[in-house]
Amino acid sequence: MSAGPKRFIADHVVDLPRSGIRDFFAIVSQMPQAVSLGIGEPDFVTPWHIREAAIYALERGKTSYTDNSGLIRLRREISKYVESDFGLTYRPEDEVLVAVGVSEALDIAMRALLNPGDKVLYHEPCYVSYSPSILLAHGIPVGVPTYAEDQFAIDPDKLAAAWEPGCKVLLLNFPTNPTGGVASREVLERIARFAVEKDLIVISDEIYAELTFEGEHVSIGTLPGMRDRTLFVHGFSKAFAMTGFRIGYACGPKEIIEAMMKVHQYSMMCAPILSQEAAVEALRNGRPAVAKMKEQYLRRRDYLVRRFNEAGLHCYSPRGSFYTFPSIKSTGLKSLEFCHRLLKEEEVAIVPGTAFGPSGEGFVRASFSMSYDNLIKAGDRIGRLADRLHASETASA
Ligand code: PMP
């Protein structure tokens, strides 16, 4: 019997949940007065000199495909940048691949590495795409929860305990979306030893690396025994405020980059040329703009963290990224209910922690990639709802 067009859809796609964030923001888009701290992208427009490079490239008639791996000029700049800022050396010719955002880099990495049924370990709460991109590559996601008591830092012992036969890939993200957690050198060394012992390949998503506010950012690929089992993925969306350009990259051993290149070549062909031209300019001359934006983020972070804590919603200070991840447990509400009430009663949009995995229950993600004025407005409104909820909690106690 026909079940409508849905019967044509592959089972593993039918089973895939829709992103919780999308549904939530479909509601927000209907509310013009709402203040949104929900988005995962900079509120800054791409710095002018980078936009200008794209415009100039268009004026010069740069409208063609590029080399599948990306413009060699861009790969050279990436190689220099990754060496100077991350301490990792990759040959531009065959160890760097330009992709359509970190999103595509992760997707083709999974498709290039996983046989059906291979397992991928990753820490949760995490970026919403991790589990789906594993499932779409016919892999099995093995999420390892992290906890507020540890500031959502990954515990290498818990990671090792979660290992099971069939685990092939370890996916890491420091600083972490949504928690702002980072990993110390010592923790990364323990994780690296575990990866060597279990013969795992590590995909290290370092998209928020430049937005590390405290301590040094260490790339796991620099640690002993790790270079040839690490795929370093990074991009321009966050630090350079270039989400719409859709440019990211992967660096790794040439055999793995070559395998990913095949998937990329037959699906995407190449990243857009104008975006690649803009990315060259970003790496050559973008550092001062990145530093300025980072200064703003830091000021906003301190403000938003203070407002959550003053509202009685415990919030630690994230050491990287542009997200706070406060606890709303004191209100007695679940994350989703808290977010719905905040939106309905005070017109502020934030994201339920559960959108990032079950261990996000009791938390919400509020991003500070938002103007200071809007943060003040949001802080006042969140404070009002928290006061009401805390008062009714006290009354019913
Ligand atoms: N990884 C993480 C951890 C992210 O937060 C995001 C974007 N929110 C991405 C990857 C995707 O970034 P891109 O725009 O480069 O595809």
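Quick note: residue numbers are just sequence positions, from 1. Note that ligands are numbered from 1 as they come in the structure, with each ligand's atoms numbered from 1 the same way.
- Under the 6.0 Å cut-off for aromatic ring centres, Y303 and Y372 qualify, their centroids lying closer than that.
- Annotation: atom 9 (C) of ligand 1 to nearest protein heavy atom, Y127 CE2, 3.4 Å.
- For ligand 1, the atoms lying closer than 4.0 Å to a non-hydrogen atom of I207 are 1 (N), 2 (C), 3 (C), 9 (C), 12 (O), 15 (O).
- Heavy-atom separations between K238 and ligand 1 include at least one value shorter than 4.0 Å.
- The contact set between ligand 1 and G101, taken as ligand atoms under 4.0 Å from a residue heavy atom, comprises 15 (O), 16 (O).
- Within the 4.0 Å heavy-atom cutoff, Y130 counts among the residues contacting ligand 1.
- Between the side chains of S330 and H314, no donor N or O sits under 3.5 Å from an acceptor N or O.
- Not close to ligand 1: E104, with no non-hydrogen atom less than 4.0 angstrom away.
- Between F174 and H217, the gap from one ring centroid to the other reaches at least 6.0 Å.
- Here OG of S267 is found 13.0 Å from NZ of K262. Values are rounded to the nearest 0.5 Å.
- Below 30°, between 30° and 60°, or above 60°: for F368 and F213 the angle between ring planes is between 30° and 60°, a tilted geometry.
- The ligand atoms of ligand 1 that sit less than 4.0 angstrom from a heavy atom of N173 are 3 (C).
- Nearest to atom 1 (N) of ligand 1 among the protein's heavy atoms is D205 OD2, 2.6 Å.
- Here F363 and F152 bring their ring centres to under 6.0 angstrom of each other.
- At least one heavy atom of Y208 lies less than 4.0 angstrom from ligand 1.
- An N or O contact shorter than 3.5 Å links S237 to ligand 1 by distance.
- A cation-pi arrangement is found for R60 relative to Y56, the charged atom lying closer than 6.0 Å to the ring centre and inside a 45° cone about the ring normal.
- The nearest protein atom to atom 15 (O) of ligand 1, hydrogens excluded, is given as V102 N, 2.7 Å; this is a heavy-atom distance.
- Under the 6.0 Å cut-off for aromatic ring centres, F236 and F245 do not qualify, their centroids lying 6.0 Å or more apart.
- Only side-chain heavy atoms of R246 come within less than 4.0 Å of ligand 1; its backbone N, CA, C and O stay farther off.
- Between Y81 and Y249, the gap from one ring centroid to the other reaches at least 6.0 Å.
- At least one heavy atom of S103 sits less than 4.0 Å from an atom of ligand 1.
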